[in-house]
Protein chains: 2
Amino acid sequence: MKKTTDDILAKIGCKNTKSRKAVIEVLESAENSLSAEDIFLCIKEQGSSVNLSTVYRTLDLMESKSLVNKIIMGDGKARYELTVDGHRHHLVCTNCHKSVPIDFCPLEKMEKDIGKTNDFDITGHKLEIYGICPECKKE
Amino acid sequence: MKKTTDDILAKIGCKNTKSRKAVIEVLESAENSLSAEDIFLCIKEQGSSVNLSTVYRTLDLMESKSLVNKIIMGDGKARYELTVDGHRHHLVCTNCHKSVPIDFCPLEKMEKDIGKTNDFDITGHKLEIYGICPECKKE
DNA sequence: TTTCAAATGCGAATCATTTGCATTTAATAT
DNA sequence: ATATTAAATGCAAATGATTCGCATTTGAAA
């Protein structure tokens, strides 16, 4: 079980530290994407401690290695999640901020065409769909 | 020519002030989406003066009335543009931050299905496509 | 186990955006 | 026109997420 996080860290050629393992483990067990502070608090709850700066640095590092996907949200806080095969978009509840991953990407087929039409080299995209989740609808 | 901005302001039921007219006029003549500070500087260049807070407040107001579309960018600054019929997505150059509007929306047809599948009431979405523009490619 | 670059913690700095409050102004009634 | 008043503005200070500098610690290679 620890093996996985160690492998991840070895693969990107950086030191295998307690903080980094903690961050990765939190992300692995998360159902939703988390903010840096969410991660920081999770680790604290587990009895360990990391500095918030270190969480940010770890996330930046992992994002630069494409291990983590940074989601820029409308509320001013970025969320992070482990990169899964390909990428993933979310349905975000504008009331409670919970997010549900969507398992397909409406852009996949179109991206190349759009790039060609506009003479851009496409490097990526961000998509979020907003709405009210079932729980919040009840209220 | 002034008529248009006056109409816009009348329509949303708020005071018709110099600052607001200035913001709207800058947005009308802009080719790309602009940051609050871009707008602030444009107005200053024209010899007038507005407070940056006022620019933000005007933009928030207009966004709340759906007259302006707020684009959340990866560089930490939001960009704004007048809402055109329906909505619009952008191809954004990650190098020079220029953006090109895309005249169709890949989500249009899918949104309802996605909402139904996940039991969400869909309220909207944001999509941006990133790449390198023709000019920046040359470098 | 020595060595040293890489990583961390801490506090301070940044920077876009927001807010409180005193002052000004546009729109309405007089 | 003028008075009246809620809405809008300017200003400066606050906020809040993220970043940075730097002294200290630590993992990994020799």
Side-chain angles (χ1 to χ4, degrees), chain A residues 2-3 5-26 33-44 47-65 67-80 97, chain B residues 2-3 5-26 33-44 47-65 67-80 97:
Chain A
K2 257 187 199 154
K3 198 146 178 291
T5 69
D6 288 352
D7 287 349
I8 290 174
L9 288 168
K11 185 160 60 179
I12 63 179
C14 70
K15 284 194 190 172
N16 185 343
T17 67
K18 215 164 28 138
S19 311
R20 287 179 176 157
K21 275 195 269 192
V23 170
I24 296 176
E25 277 162 16
V26 168
S33 51
L34 302 174
S35 69
E37 195 175 16
D38 292 337
I39 296 170
F40 169 77
L41 292 173
C42 268
I43 294 172
K44 196 171 244 172
S48 319
S49 113
V50 232
N51 191 279
L52 184 54
S53 309
T54 301
V55 174
Y56 275 109
R57 284 190 276 230
T58 300
L59 291 169
D60 286 350
L61 171 72
M62 294 182 68
E63 197 206 2
S64 76
K65 303 290 183 181
L67 293 175
V68 147
N69 183 22
K70 179 177 182 178
I71 304 167
I72 295 157
M73 295 271 249
D75 67 349
K77 296 186 213 182
R79 307 297 148 94
Y80 301 83
H97 286 143
Chain B
K2 256 185 202 155
K3 200 149 179 288
T5 70
D6 288 352
D7 286 350
I8 290 175
L9 288 168
K11 185 161 61 183
I12 64 181
C14 69
K15 283 194 190 173
N16 185 343
T17 67
K18 215 166 26 142
S19 312
R20 287 179 176 157
K21 275 194 269 192
V23 170
I24 295 175
E25 276 162 17
V26 167
S33 51
L34 301 174
S35 69
E37 196 176 14
D38 292 337
I39 296 169
F40 169 77
L41 292 174
C42 268
I43 294 171
K44 196 172 245 174
S48 321
S49 113
V50 232
N51 192 278
L52 183 54
S53 309
T54 301
V55 174
Y56 275 110
R57 283 190 278 230
T58 300
L59 291 169
D60 287 350
L61 171 73
M62 293 182 69
E63 196 206 1
S64 76
K65 305 288 185 183
L67 293 175
V68 148
N69 182 22
K70 180 178 182 176
I71 305 168
I72 294 156
M73 295 271 248
D75 67 348
K77 297 187 213 179
R79 307 296 149 96
Y80 302 82
H97 288 142

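The shown structure was predicted, so the numbers you read here are calculated from the model rather than taken from an experiment. Letters A, B, ... are given to chains in the order of the sequence lines, protein chains preceding strands, and every chain is numbered from 1.
In this structure, B/Glu63 places its CD atom 12 Å from P of C/dT17, rounding to the nearest Å. Going from atom CZ of B/Phe40 over to atom C1' of C/dT18 covers 16 Å, rounded to whole Å. When the P atom of D/dT15 is taken as reference, atom CG of A/Asp75 falls 19 Å away, rounded to whole Å. If you measure from atom NZ of A/Lys18 to atom P of D/dT26, you get 8 Å, rounded to the nearest angstrom. Whole-Å rounding puts the A/Leu41 CG to D/dA17 C1' distance at 14 Å. Look at CG on A/Leu61: it is 13 Å from P on D/dT19, rounded to the nearest Å. Between B/Arg20 atom CZ and D/dG10 atom C1' the separation is 14 Å, expressed in whole Å. Taking atom CG of residue A/Leu52 and atom C1' of nucleotide C/dT8, one finds them 13 Å apart after rounding to whole Å.
At a threshold of 4.5 Å between non-hydrogen side-chain atoms, the residues A/Leu59 and A/Glu63 do not count as touching. B/Thr5 has its side chain within reach of B/Glu25: a pair of non-hydrogen atoms, C-beta onward, lies under 4.5 Å apart. A/Ile24 has its side chain within reach of A/Leu9: a pair of non-hydrogen atoms, C-beta onward, lies under 4.5 Å apart.
One finds a side-chain N or O of A/Tyr56 lying less than 4.0 angstrom from the OP1 or OP2 phosphate oxygen of D/dT18.
Separation of atoms CD1 (A/Ile39) and OG1 (A/Thr54) is listed at 12.5 Å; rounding is to 0.5 Å. Summarising the geometry, atom CG belonging to B/Leu52 is positioned 9.0 Å from atom NZ belonging to B/Lys44; distances are rounded to the nearest 0.5 Å. Here B/Ile8 contributes atom CD1 and B/Leu67 contributes atom CG; the two are 6.5 Å apart, rounded to the nearest 0.5 Å. Going from atom OH of A/Tyr80 over to atom OG of A/Ser35 covers 9.0 Å, rounded to the nearest 0.5 Å. B/Phe40 contributes atom CZ, which lies 10.5 Å from atom OH of B/Tyr56 (distance to the nearest 0.5 angstrom).
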Just the atom pairs and distances: protein N or O near nucleotides 10-15 of chain C's N or O, under 3.5 Å.
residue: C/dG11; atom: O6; partner: A/Ser53; partner atom: OG; Å: 3.2

Using a cut-off of under 3.5 Å, enumerate the N/O to N/O pairs linking the protein to nucleotides 23-25 of chain C.
residue: C/dT25; atom: O2; partner: B/Lys15; partner atom: NZ; Å: 3.1

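Sorted by first and then second residue, the side chain to side chain donor-acceptor pair (under 3.5 Å) pairs involving residues 10-20 of chain A (not counting sequence neighbours) are A/Asp6-A/Asn16.
The nucleotide whose nearest atom lies closest to any side-chain atom of B/Asn16 is, among C/dA27, C/dT8, D/dG10, C/dA27. When distances run from any side-chain atom of A/Ala78 to the nucleotides D/dT18, D/dA8, C/dT8, the shortest one goes to D/dT18.
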